[in-house]
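The shown structure was predicted, so the numbers you read here are calculated from the model rather than taken from an experiment.
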Amino acid sequence: FDFFFPSLLIGRHSLSPLPFQYMTNMSDPLEEYMSDTELEYTVNKPKLNETFSNTVVLSNLPKVPASKVEKLTSVLKKLASKVGVIDDEVPFLMPLNEAEGKSHGFAFITYKESSDASRCAEALNSYQFDKSHKLSVVPYDKVRGFSKVSDTYVSPTPPPYKPQPDTNAWMRDPGQRDAFCIRQGHETEVHWADGLRDPVLDYDGKREKEQGIQWCSYKMEWSSKGSYLATIVPSKGVIIWGGKDYEKLGRFGHADVEHVSFSPCEGFLMTTSNKIDAKDAVKIHDVKTGKLIRAFPLYPADSFKGEPGEERPPPPFLWSYNDEYIARMGEGLISIYELPSMKLLDKKSLLTDGISEFQWSPADNILAYWAPEKGNSPAQVNLIEVPSRKRLRQKNLFQVSKVNMSWQDEGRFLGCKVLRHTKTKKTVYNNFELFRVHEEGIPVEMLDVKDAVFNFRWEPRGTRFAMVHAENKSATRANVSFYDMSKVVKKEEAGTKKKGKKIIEGQVLPELNLVTTLNDRQCSSLFWSPAGSVIVMASLGDSSSGSLEFFDVDQCETLAVREHYRATDVSWDPSGRMMATSVTQPLTGSFYKFQMDNGYMLWSFQGKQLYQQAYENFFQFKWRPRPTLLSREKREEVVSNLKKYEREFDKADKERARALYKEETREKRQLRKAFRDRMADLRAIYKDERKERVELNGYDSDDDNNYVVKTFETENILDTKDTIIESWP
């Protein structure tokens, strides 16, 4: 009030005009305010977000009446909230068709983060909402783009064809060589090996080195059939390489990734980090498209992680043999997911009360799991068929401490090593439960073993198995026993009856029998050749001698006894021609106490050392897997007719040996040829100078008639010895 009327003073002060200058100064701001002229001003409005990247459109929903909209909304919000955090400030919108009194069959949902909206579009798209409705989830920005699509169809220009690298080119190697990959120092190298010559370098990341990048900085892993090589770069994720030149085929982002695993048919890839609190510690990817299918935390929800400082290892995801399923164990259940949708099979887990371990059959969709004793219930080993969930076999066990399961590689047998205890739990002993999975009724045979069992291994593609056992766990020397799940009827047994049927000589019976036992062996681990018959009994570990005994089970004879001091790993090449032993150090940590022993050796299957290489830092040695292309029956047919191919094989071996000999002697032959050419040149010069020599010497030095030959003989007695020989009387 005083401001607009400066000459008016209120209260006991008198009214008097103010100085003119004061009024002038005060009127300056009023002139602009009181003027009729339009003001010029700038308004700083917040930028309008027109992308709607947080919103998705859910379509193909059930069309429900208005009375059921609230219930359907609740179900959809509950489903969508599993993917991310919903923005409650933006209402969930499901438009209604007023004419029909039903919903239109679509809805809008908004998340707080755009990343959650993208995850929702990936995870819930094609989700089977009910029997008649499969959801379609599309980002709202993409839906808005549909309005800009022209009504006139224009055929797109196809991109130029770029042939993909042939990931099976290595299998057509003319020398039928096998490949292996090593991690040493800062290098990752792929080598060829054939057992006839030293390994040959195939690729060492030369292309990446020229670009100033590292193609592997942590671990490497071959795919299940050898088509891809996966290398881990923790800052980037997992990179897969393939083709003749090891071209980059894809990258799968995963921060701090530490482990990678391919499915048996190479259709899917699993990457894992050890972040306990991360919601995406385990990621399942599609190898061909590179798409992330689904992510999981390291531990299932509500699972027991162990006491602080003694965390239990997370339960692993296990693939089925044909890439149809992947499963993980939880508390009292097994969650089985269908591939590639990664949806829970039948929308519910398989209840397995007290489960401790499970394994897939390597040849069938059969799950084997065991659960310990609980209350009055005995321990159990169960075989479950998937997807029917039919219980094929159940074996009850009593007084059980632990069970270790092992499948034969063709899925024909399942061996369970059962550690039992007496009622007082002061004494423990072992027995084996052997399941004949492919026989009617899945019969089970029991084998009692009084000794402590250190190792148990099935023969690949065979019916035999071997075990290492000793009187006590601390024994430095052990026995190795070989058993066969089949028995061939001998001549003296022919004519007798088994289960009411007469048996004949040469007949194969499904009967467990002991093949042989080798006593007092320095052995802790067993390694069968992939071709069967030959097994290596090894003593591995920091304190071991690294003893290696090559044993032919068919002939029951030792082929060779060798040693690789402090060997930590033994692995056969896929063909069974060669075996590698290595001393490796952990990938983490800068110092290794046995660093001076680092490196690897290559051996023939008879135990002959073929190659040796030492490295200051050596981390991994892995053979490239080779897929099995022939059926079991076809392999048996080839083996039975092997003599027909002997000449062809011998000829190929001779040609290969000849080519190898030529390669090894190439430098010598070049030197010999150069020497002979030089001698020929000198003889020609010498012949051209003959006339000059005759004129100079007065005679021809090359004419033998110009010489007189005299022969002298000289005899020198070097030693004499007198021997008296007694005569006969």
Side-chain angles (χ1 to χ4, degrees), residues 159-194 197-262 266-267 269 271 285-292 573-574 580 582 584 587 598-600 602 611 613 615-627 663:
Y161 173 71
K162 182 181 178 181
Q164 292 296 314
D166 185 1
T167 56
N168 293 322
W170 65 279
M171 296 181 64
R172 296 190 292 272
D173 176 61
Q176 292 84 47
R177 298 173 294 179
D178 279 295
F180 63 86
C181 186
I182 61 172
R183 285 273 294 123
Q184 57 91 9
H186 297 289
E187 302 293 331
T188 303
E189 302 170 350
V190 181
H191 295 261
W192 287 111
D194 59 4
R197 66 191 80 185
D198 291 348
V200 179
L201 179 66
D202 188 25
Y203 190 68
D204 62 351
K206 180 181 178 181
R207 181 179 57 249
E208 286 68 38
K209 291 177 184 177
E210 293 174 351
Q211 298 173 2
I213 59 178
Q214 199 171 16
W215 74 313
C216 180
S217 61
Y218 189 52
K219 289 181 181 178
M220 57 81 185
E221 190 72 43
W222 291 106
S223 62
S224 308
K225 296 183 178 181
S227 301
Y228 310 105
L229 176 65
T231 59
I232 295 179
V233 181
S235 60
K236 298 181 179 179
V238 175
I239 307 172
I240 62 171
W241 314 81
K244 184 179 179 181
D245 300 321
Y246 294 90
E247 299 178 43
K248 181 179 177 180
L249 302 180
R251 183 174 74 86
F252 303 87
H254 194 162
D256 301 318
V257 59
E258 295 189 23
H259 307 283
V260 59
S261 169
F262 284 88
E266 300 181 337
L269 176 75
T271 59
H285 310 262
D286 188 300
V287 172
K288 294 293 185 183
T289 64
K291 179 182 177 182
L292 173 64
D573 83 299
S582 56
T584 58
L587 281 160
N598 284 352
Y600 70 92
L602 296 181
Y611 184 74
Q613 181 65 54
Y615 294 101
E616 183 177 353
N617 295 290
F618 192 62
F619 305 106
Q620 284 182 286
F621 181 104
K622 288 186 178 293
W623 290 102
R624 188 172 198 166
R626 187 182 288 272
E663 180 66 24

A.B. asks: Closest approach of Ala230 and Phe262, non-hydrogen atoms and distance?
C.D. replies: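 So the two residues come closest at CB-CE1, 3.7 Å.
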
A.B. asks: Just checking Glu247: does its CD atom have more than 12 heavy atoms from other residues, nucleotides or ligands closer to it than 6.0 angstrom?
C.D. replies: yes

A.B. asks: Name the residue from Tyr611, Trp222, Phe621 that meets the ring pair (Phe, Tyr, Trp, His ring centres under 6.0 Å) definition with Phe180.
C.D. replies: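 The residue from Tyr611, Trp222, Phe621 that satisfies ring pair (Phe, Tyr, Trp, His ring centres under 6.0 Å) with Phe180 turns out to be Phe621.
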
A.B. asks: Looking only at non-hydrogen atoms, find the nearest pair between Phe618 and Ser582 and report the distance.
C.D. replies: CE2-CB, 3.9 Å

A.B. asks: Going by the rule side chain to side chain contact (heavy atoms under 4.5 Å, CB included), which residues pair with Lys206 if we only count those two or more places apart in sequence or in a different chain?
C.D. replies: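 Residues passing side chain to side chain contact (heavy atoms under 4.5 Å, CB included) with Lys206: Asp204, Glu210.
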
A.B. asks: To the nearest 0.5 Å, what is the distance between CD1 (Ile232) and OG (Ser217)?
C.D. replies: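 If we round to the nearest 0.5 Å, Ile232:CD1 and Ser217:OG are 8.5 Å apart.
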
A.B. asks: Restricting to non-hydrogen atoms, name the atom on Leu602 and the atom on Pro199 that form the minimum distance, rounded to 0.1 Å.
C.D. replies: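 Taking Leu602 first and Pro199 second, the nearest heavy atoms are CD1-CG, 3.8 Å.
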
A.B. asks: Suppose we screen for salt bridge (Lys or Arg N to Asp or Glu O under 4.0 Å). Which residues come up paired with Arg626, at least two apart in sequence or across chains?
C.D. replies: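 Arg626 satisfies salt bridge (Lys or Arg N to Asp or Glu O under 4.0 Å) with Asp178 only.
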
A.B. asks: Treating Gln176 as the side-chain partner and Pro174 as the backbone partner, does any N or O pair qualify as donor plus acceptor under 3.5 Å?
C.D. replies: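 The answer is yes, because a donor-acceptor pair under 3.5 Å joins these two groups.
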
A.B. asks: Please indicate whether Lys244 has more than 12 foreign heavy atoms, meaning atoms of other residues, nucleotides or ligands, lying under 6.0 Å from its NZ.
C.D. replies: no

A.B. asks: Atom CE of Met220 and atom CH2 of Trp215: how far apart are they, to the nearest 0.5 Å?
C.D. replies: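 So the CE of Met220 and the CH2 of Trp215 are separated by 9.5 Å.
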
A.B. asks: Which heavy atom in His186 sits nearest to a heavy atom in Arg183, and how many Å separate them?
C.D. replies: C-NH1, 4.1 Å

A.B. asks: On a heavy-atom basis, which atom in Glu266 and which in Gly226 lie closest, and how many Å separate them?
C.D. replies: OE2-N, 3.2 Å

A.B. asks: Is any side-chain heavy atom of Tyr246 closer than 4.5 Å to a side-chain heavy atom of Asp202?
C.D. replies: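 Yes, side chains in contact.
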
A.B. asks: Where is the tightest heavy-atom contact between Leu269 and Val238, given as atom of each residue plus distance?
C.D. replies: CD2-CG1, 4.3 Å

A.B. asks: With heavy-atom distances below 4.5 Å as the criterion, would you say the side chains of Ile182 and Tyr615 are in contact?
C.D. replies: yes

A.B. asks: What verdict does the side chain to side chain contact (heavy atoms under 4.5 Å, CB included) test give for Ile240 and Val260, after you've listed the backbone C-alpha separation in whole Å, the side-chain angles of each residue and the deciding distance to 0.1 Å?
C.D. replies: CA-CA 11 Å; Ile240 62 171; Val260 59; over 6 Å; no

A.B. asks: Are any side-chain N or O atoms of Ser223 and backbone N or O atoms of Tyr228, one a donor and one an acceptor, separated by less than 3.5 Å?
C.D. replies: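 Such a contact is found between Ser223 side chain and Tyr228 backbone.
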
A.B. asks: Report yes if some heavy atom in the side chain of Val233 is under 4.5 Å from a heavy atom in the side chain of Ile213; otherwise report no.
C.D. replies: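 Result no, sub-4.5 Å side-chain heavy-atom pair not found.
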
A.B. asks: Roughly how far apart are Thr271 OG1 and Phe252 CZ, rounded to 0.5 Å?
C.D. replies: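 One finds 9.0 Å between OG1 of Thr271 and CZ of Phe252.
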
A.B. asks: Check salt bridge (Lys or Arg N to Asp or Glu O under 4.0 Å) between Arg624 and all other residues, then give those that pass, not counting sequence neighbours.
C.D. replies: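 Per chain and number, Arg624 pairs via salt bridge (Lys or Arg N to Asp or Glu O under 4.0 Å) with no residue.
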
A.B. asks: Nearest 0.5 angstrom please: Thr188 OG1 to Leu229 CG, how far?
C.D. replies: 8.0 Å

A.B. asks: What distance do Asp166 atom CG and Asp245 atom CG have between them, rounded to the nearest 0.5 Å?
C.D. replies: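 Taking CG in Asp166 and CG in Asp245, the distance rounds to 11.5 Å.
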
A.B. asks: Less than 4.5 Å apart, any side-chain heavy atom of Cys216 and any of Glu208?
C.D. replies: no

A.B. asks: Take atom CD in Gln211; do more than 12 heavy atoms of anything else shown fall under 6.0 Å from it?
C.D. replies: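 Yes - once you tally the heavy atoms of other residues, nucleotides and ligands closer than 6.0 Å, there are more than 12.
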
A.B. asks: If you measure from NZ on Lys219 to CZ on Phe619, what distance do you get to the nearest 0.5 Å?
C.D. replies: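 So the NZ of Lys219 and the CZ of Phe619 are separated by 12.5 Å.
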
